[in-house]
Structure formats: C-alpha cells, structure tokens
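Have a look at the structure below, then the notes.
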Amino acid sequence: MNGIHDMGGMHGFGKIQYSAEEPPFHERWEGRMFAILATVTGLGLMNIDEWRHGQERMNPVQYLSVSYYEHWLHSVVDLLDRKSILSVGDLEARMAEIKASEA
Amino acid sequence: MVSTGHDHDHTTPPSDAELRVKALESLLVERQFVEAAALDEIVEAYETRIGPRNGAAVMARAWLDPVYKARLLAGAQESTAAIKELGFSGTQGEDIAVVENTPAVHNMIVCTLCSCYPWPTLGLPPLWYKSGPYRSRAVIDPRGVLKELGLDIPADKEVRVWDSTAEVRYMVLPERPAGTDGWTEPQLMELITRDSMIGTGLPKLIRAEPGS
C-alpha cells in the first residue's frame with residue numbers, strides 16, 4: 001500500500017530531532033495507551049497487523065500532524081468500532097462525561 | 001503539558017488525546033476487557049525493566065564468548081534463541097537478527113514504515129527513530145544522517161542500512177573498543193550504548209587515565 005506511512009526515501013522532513021535519552025512515555029496517557037494496545041491485542045480483540053494497517057489508513061494530513069501514540073489511539077479506536085466492540089459514539093459520550101465531571 | 005503523574009491538572013484542560021485515552025480506558029475497564037492494575041504493570045515494565053541494558057548484556061557476552069557471538073550472527077532463528085537464553089524474549093522480539101560492525105562495515109537500523117524495534121533488548125524506541133526525518137533519510141542518505149548525529153564514517157568503509165519489518169527486528173553488534181582486554185562483562189556493558197546497537201553511535205571510548 002503506497003500510503004503516507006511509507007516514508008523511506010521521502011524528501012523534506014528536515015533535521016532529526018535527536019535526544020540522547022528520554023523516558024519511554026512523555027505523558028502519562030502515552031503509557032496508558034501503550035498498555036491498552038498490549039492488552040487488547042493480547043486478548044485477541046485485534047491483531048498487531050490489522051492494528052498497524054489501521055495506522056497506515058489514517059488520513060495523510062492527520063498521520064503527519066499528530067503525535068506518535070495518537071496513531072496507536074486512532075487505530076485502536078477505529079478497530080474497536082469496526083468490530084462492534086466499542087463504538088466511537090460511546091467513547092465520545094464517555095469523554096463528555098469525564099470532561100463535565102472535571103470541569 | 002508535561003504529566004505530573006496526577007490524573008489531571010485542574011489549571012489546564014487535558015489534551016484531546018489524553019481525554020480520549022482516559023475515556024477508552026474507563027470503558028474497557030467497565031466492560032471488563034482490561035484492569036487498571038494490569039495496565040500499571042505493563043507501564044512499569046517498560047519504564048523500569050525493559051531497556052537497552054538488556055541489549056548491552058547480549059553484546060558484552062558476544063565480545064567475551066566467540067561461540068555465543070557466532071550464534072548471534074547465524075541468522076534470526078539462532079540469534080533469537082541465544083538472546084532468549086540470557087533472559088530476553090517476548091513482545092516485538094520474536095525474531096531478532098544481529099549484524100556485526102567491523103573495520104570494513106558499519107551497520108545501521110531503521111524502520112521506514114513505522115517503528116519496528118527489538119523491544120526485549122532495547123526497550124521502546126526513541127522518538128527520533130519513529131519520526132519522519134530519520135525514517136525517510138536513513139535509507140537514502142545514511143552517511144548524511146550519521147554525520148548529523150555526530151558519527152563520521154570514512155568514505156572507504158561500507159555502510160549497510162537494515163530496514164526492520166513486522167517479521168524481523170535488528171540489532172547492531174558494535175566493535176569492541178581497544179584497551180578493554182581483561183575487562184569483565186559488567187565493565188564491558190557500561191560501554192555499550194543504545195545508539196551503538198541501533199548503529200547511530202559507537203560504544204563509549206576508553207579514556208586514558210590522567211598521567212598514564
């Protein structure tokens with residue numbers, strides 16, 4: 001699939017933003033996302049290959065704009081919805097509830 | 001916003017991603033697909049136990065044991081078994097091949113399509129490894145990339161770039177620095193950096209003691 005993820009050989013990305021050492025998760029939510037992916041694939045709700053493909057299917061602009069673990073998030077949410085395990089509607093409802101309760 | 005470890009900061013609203021993940025976790029727990037404590041353990045494992053010190057142990061063993069080294073270089077099936085014998089195996093390490101740096105050849109590893117990386121031996125990949133600049137340029141201008149990262153490879157030395165896949169991960173066996181004869185495995189491990197096993201760096205140099 002000749003998608004945006006197929007970056008080998010592309011031009012224009014600029015300088016490597018190198019750092020010698022960094023924590024594996026820059027924000028707490030990234031660690032939670034990592035662990036969620038490990039768990040849902042371990043449970044067999046989705047497999048790694050289809051999850052990877054879910055990232056490759058992202059809108060190219062979105063793919064290039066969002067942070068690394070947001071790719072993970074996008075694909076997990078998309079697959080859970082497609083497989084009728086957890087709908088995007090339910091997710092967004094829960095987001096609204098949490099936001100309201102923390103306001 | 002840098003996470004302070006608290007669930008949320010009252011003064012700054014959570015980012016959309018943070019809120020989304022919170023909602024996702026909440027629903028998955030409610031529907032009994034995940035348990036928060038189990039998620040905690042996974043996070044802790046990758047924050048504290050699974051990292052490049054594991055790979056350093058493999059490489060230090062290879063420097064000291066020619067039979068072990070030969071196994072590491074005998075193809076992914078054999079190297080994965082040899083790595084497993086030191087206690088390192090599991091997720092994203094099902095097939096780990098090892099390529100050797102020599103006076104004639106310098107190796108570097110990339111995953112152009114995503115972020116494939118040998119987790120059991122190197123932990124989780126750094127952000128720069130997973131990002132556009134490295135993924136795009138490592139395969140078309142490896143010498144330029146290495147130079148940008150502070151590594152000048154002589155023109156007469158071959159540079160080999162290995163593009164990781166969903167099936168096979170790679171690690172570089174760095175050249176053992178001169179001046180380490182008689183060193184123990186733990187001493188050698190201290191020289192072996194994460195970057196030296198990705199191929200974007202070299203092991204730490206031996207500094208002469210003052211006055212020697």
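What you see below is based on every heavy atom in this structure, not just the backbone, and it leaves out hydrogens, waters and symmetry mates.
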I'd like to verify something: which residue of B:Ile42, B:Leu149, B:Leu27, B:Asp40 has the highest number of heavy-atom pairs under 4.5 Å with chain A?
B:Leu27

Indicate yes or no: does B:Arg53 engage B:Glu190 in a salt bridge with an N to O separation below 4.0 Å.
yes

Just give me the residue among B:Leu127, B:Val139, B:Val145 that pairs up with chain A most often, heavy atom to heavy atom, under 4.5 Å.
B:Leu127

Greatest number of heavy atom pairs closer than 4.5 Å to chain B - which of A:Leu91, A:Ile4, A:Leu43, A:Leu80
A:Leu91

Kindly compute the distance separating CZ (A:Arg52) from OG (A:Ser75), expressed to the nearest 0.5 Å.
10.0 Å

Just checking heavy atoms, which of residues 83-109 of chain B are less than 4.5 Å from chain A?
B:Gln92

Run the side chain to side chain contact (heavy atoms under 4.5 Å, CB included) check on A:Tyr68 and B:Ser131 step by step: do they pass?
CA-CA 8 Å; A:Tyr68 177 74; B:Ser131 302; over 6 Å; no

Counting heavy atoms not belonging to A:Lys83, are there more than 12 under 6.0 Å from its NZ?
yes

Among B:Ala38, B:Ala17, B:Pro52, which has the most heavy-atom pairs under 4.5 Å with chain A?
B:Ala17

Set of residues satisfying salt bridge (Lys or Arg N to Asp or Glu O under 4.0 Å) with respect to A:Glu97, sequence neighbours excluded
A:Arg94

Name the region of A:Glu70, side chain, backbone, both or neither, that has any atom closer than 4.5 Å to a heavy atom of chain B.
side chain

Residue-level interface, residues 159-174 of chain B with chain A, non-hydrogen cut-off under 4.5 Å
B:Ala166, B:Arg169

Thinking salt bridges, do B:Lys157 and B:Glu175 make one under a 4.0 Å N-O criterion?
yes

Among A:Gly3, A:Gly14, A:Ala35, the residue with the most heavy-atom pairs under 4.5 Å to chain B is A:Ala35

Which region of A:Val76, side chain (C-beta onward) or backbone (N, CA, C, O), has a non-hydrogen atom less than 4.5 Å from a non-hydrogen atom of chain B, or is it both or neither?
side chain

Which atoms of A:Glu30 come close to chain B, meaning under 4.5 Å heavy atom to heavy atom: side chain ones, backbone ones, both, or neither?
neither

Of the listed A:Ala20, A:Gly12, A:Ser67, the one with the largest count of heavy-atom pairs under 4.5 Å with chain B is A:Ala20

Which atoms of B:Glu47 come close to chain A, meaning under 4.5 Å heavy atom to heavy atom: side chain ones, backbone ones, both, or neither?
both

Counting heavy-atom pairs under 4.5 angstrom with chain B, the leader among A:Val66, A:Leu45, A:Thr41, A:Leu73 is A:Leu73

Pairwise distance CD(B:Glu78) to CG(B:Leu73) - rounded to 0.5 angstrom
11.0 Å

Kindly write out the residues that satisfy salt bridge (Lys or Arg N to Asp or Glu O under 4.0 Å) with A:Asp78, not counting sequence neighbours, or none if the list is empty.
A:Arg57, A:Arg82

Just how far is it from atom OH of B:Tyr129 to atom SG of B:Cys116, taken to the nearest 0.5 Å?
7.0 Å

Would you call the rings of A:Phe34 and A:Tyr69 parallel, tilted or perpendicular if under 30° counts as parallel and over 60° as perpendicular?
perpendicular

Can you tell which part of B:Glu41 gets under 4.5 Å to a heavy atom of chain A, answering side chain, backbone, both or neither?
neither

The interface call for B:Ala36 against chain A, heavy-atom contacts under 4.5 Å, is both

Honestly, the part of A:Tyr18 sitting under 4.5 Å from a heavy atom of chain B is both

Can you check whether B:Lys130 reaches A:His71 side chain to side chain, under 4.5 Å on heavy atoms?
no

More than 12 non-hydrogen atoms from neighbouring residues, nucleotides or ligands closer than 6.0 Å to CD on B:Glu158, yes or no?
yes

Chain A contacts, top residue of B:Thr200, B:Asp195, B:Val34 (heavy-atom pairs, under 4.5 Å)
B:Asp195

A:Leu64, part contacting chain B, at a heavy-atom distance under 4.5 Å:
neither

